[in-house]
2 protein chains.
Amino acid sequence: MEDNNSCNNDWEKRIMAIHDTMDVLSGKWKISILASLCYHGKRRFSDLLNDVKGISNKMLSKELKDLEINRLVKRTVLDTHPITVQYELTEYGKTLRTIIKHLLDWGFEHRKKIIGK
Amino acid sequence: MEDNNSCNNDWEKRIMAIHDTMDVLSGKWKISILASLCYHGKRRFSDLLNDVKGISNKMLSKELKDLEINRLVKRTVLDTHPITVQYELTEYGKTLRTIIKHLLDWGFEHRKKIIGK
DNA sequence: CGGCATCCTTCTGGATACTG
DNA sequence: CAGTATCCAGAAGGATGCCG
């Protein structure tokens with residue numbers, strides 16, 4: 001047991017890191033929203049409502065708020081008439097692009113494997 | 001609208017891919033379980049119960065079953081006394097290692113940013 | 001040891017209607 | 001347009017006990 005301490009500590013840190021990440025990204029829609037902002041750049045509320053198929057305005061609103069709190073997404077109210085609101089990734093949010101890309105790529109391969117089988 | 005068709009189709013495929021991935025990986029514990037198997041290799045049920053802090057045996061059982069159905073995890077019953085069961089990543093499951101590593105790395109940086117601030 | 005069954009509580013999230 | 005408010009069903013998930 002003694003000789004495993006460094007190893008166990010290592011795992012402790014890892015599981016904590018995973019947990020931290022999932023705290024921010026968990027939720028049925030967050031990744032999809034981020035993927036849309038990643039792909040489209042600036043995006044309005046109603047655009048996102050279309051991008052992320054199946055999401056309700058309530059959930060979109062809530063998830064965007066979560067993402068904003070975690071500084072992954074920036075919200076800008078435009079002085080148009082009627083009002084429009086623009087969402088985009090923050091610089092910090094953009095650090096998730098690699099992850100999103102990998103999730104995307106894996107999804108492509110997974111679909112090939114499942115459907116193409 | 002016409003000139004955007006290829007672009008829209010592209011997005012359709014992307015959002016579908018993301019959705020496919022999240023279908024398999026969503027759930028409060030799946031990533032943590034996979035991370036443990038990724039880090040430790042072969043792992044028994046009770047080991048995982050310790051690795052993934054906070055998980056109940058019921059949820060661990062359920063999540064492992066999901067992962068097994070999706071061919072990400074292999075379950076082996078060992079003929080010991082009393083019985084022990086060993087879980088490990090399948091070859092397919094190992095294709096998720098890159099994603100897990102990135103989630104882990106991001107978690108480290110995120111914690112630095114949040115705590116170290 | 002590795003689960004499954006049961007009960008019960010909390011959270012998620014959909015539908016609808018309403019507001020500035 | 002971009003939300004909020006309310007209501008409600010179902011899923012997630014914890015605690016406990018039982019079983020081979």
Side-chain angles (χ1 to χ4, degrees), chain A residues 15 18-19 21-37 40-70 72-89, chain B residues 1 15 18-19 21-37 40-70 72-90:
Chain A
I15 187 78
I18 292 278
H19 188 257
T21 305
M22 296 323 281
D23 256 10
V24 173
L25 295 184
S26 72
K28 195 174 174 182
W29 310 101
K30 288 208 181 66
I31 300 282
S32 300
I33 294 169
L34 291 171
S36 176
L37 294 176
H40 292 110
K42 296 179 199 294
R43 212 70 177 143
R44 290 180 308 157
F45 188 86
S46 49
D47 293 330
L48 289 170
L49 220 42
N50 287 320
D51 293 342
V52 184
K53 286 173 205 333
I55 197 171
S56 64
N57 57 353
K58 172 184 158 184
M59 288 315 297
L60 179 56
S61 176
K62 179 188 164 288
E63 300 281 64
L64 281 170
K65 206 174 292 176
D66 287 350
L67 293 171
E68 206 191 339
I69 288 172
N70 283 306
L72 298 174
V73 162
K74 182 184 167 199
R75 178 178 181 274
T76 313
V77 179
L78 300 180
D79 194 18
T80 53
H81 177 73
I83 243 172
T84 53
V85 181
Q86 205 168 65
Y87 292 91
E88 61 194 303
L89 293 181
Chain B
M1 191 178 277
I15 187 79
I18 292 275
H19 187 256
T21 307
M22 296 324 282
D23 256 10
V24 173
L25 296 184
S26 72
K28 194 174 172 182
W29 310 102
K30 288 210 181 64
I31 300 282
S32 298
I33 294 169
L34 291 170
S36 175
L37 294 175
H40 292 111
K42 296 178 198 295
R43 211 68 176 147
R44 289 181 309 156
F45 189 86
S46 49
D47 293 330
L48 290 169
L49 220 42
N50 287 320
D51 292 342
V52 184
K53 287 174 205 332
I55 196 170
S56 65
N57 57 354
K58 174 184 158 184
M59 288 315 297
L60 179 56
S61 176
K62 180 189 162 289
E63 301 280 65
L64 281 170
K65 204 176 292 175
D66 288 348
L67 293 171
E68 207 192 338
I69 288 172
N70 283 306
L72 297 174
V73 162
K74 181 184 168 200
R75 178 179 182 273
T76 313
V77 180
L78 300 179
D79 196 15
T80 53
H81 176 74
I83 244 172
T84 54
V85 182
Q86 204 167 67
Y87 291 91
E88 61 195 303
L89 293 182
T90 60

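We name chains A, B, ... by the order of the sequence lines, and we start the count at 1 in each one.
Scanning both residues, B/I15 and A/V52, for their nearest heavy atoms gives CD1-CA, 4.4 Å.
Contacts between residues 73-85 of chain A and DNA chain D, counted as heavy-atom distances below 4.0 Å, involve A/R75, A/P82, A/I83, A/T84, A/V85.
In this structure, B/E63 places its CD atom 10 Å from C1' of D/dG13, rounding to the nearest Å. At whole-Å resolution of the value, NZ in B/K30 and C1' in D/dA12 are 11 Å apart. Look at OH on A/Y87: it is 7 Å from C1' on D/dA2, rounded to the nearest Å. Rounded to an integer number of Å, the gap from A/L49 CG to D/dC1 P is 10 Å. Atom CG of A/L64 and atom C1' of D/dG3 are 11 Å apart (whole Å). The distance from atom NZ of B/K28 to atom P of D/dA12 is 13 Å, rounded to the nearest whole Å. Residue A/Q86 contributes atom CD, which lies 17 Å from atom C1' of D/dG3 at whole-angstrom precision.
Taken from NZ in A/K28 to CG in B/D23, the straight-line distance is 9.0 Å, to the nearest 0.5 Å.
Mapping heavy-atom proximity under 4.0 Å, the span of DNA chain C touched by chain A runs 5' to 3' from C/dG13 to C/dA17.
Within the structure, every pair that satisfies the salt bridge (charged side-chain N to carboxylate O under 4.0 Å, His left out) test and touches residues 74-88 of chain A, not counting sequence neighbours, is listed here: A/K42-A/E88. Residue pairs that meet the side chain to side chain donor-acceptor pair (under 3.5 Å) test with at least one member in residues 53-63 of chain A, sequence neighbours left out, are A/K30-A/E63, A/K62-A/D66.
For A/L48, the side chain to side chain contact (heavy atoms under 4.5 Å, CB included) partners are A/S36, A/L37, A/R43, A/D51, A/L60, A/L64, A/Y87, not counting sequence neighbours. Partners of B/T84 according to the side chain to side chain contact (heavy atoms under 4.5 Å, CB included) rule, which considers only residues two or more places apart in sequence or in another chain, are B/R44, B/L78, B/T80.
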Write out a two-atom table: protein N or O, nucleotide N or O from nucleotides 4-8 of chain D, distance below 3.5 Å.
unit_1, atom_1, unit_2, atom_2, d
D/dT4, OP1, A/K65, NZ, 3.3
D/dT4, OP2, A/S61, OG, 2.9
D/dT4, O4, A/N57, ND2, 3.2

Self-check item: Residues B/I55, B/I33; criterion side-chain contact (heavy atoms from CB on, under 4.5 Å); working and verdict
Solution: CA-CA 10 Å; B/I55 196 170; B/I33 294 169; 4.2 Å; yes
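For the helix from C/dC1-D/dG20 to C/dG20-D/dC1, the angle separating the two terminal helix axes comes to 50°, with each axis derived from five pairs and the value rounded to 10°.
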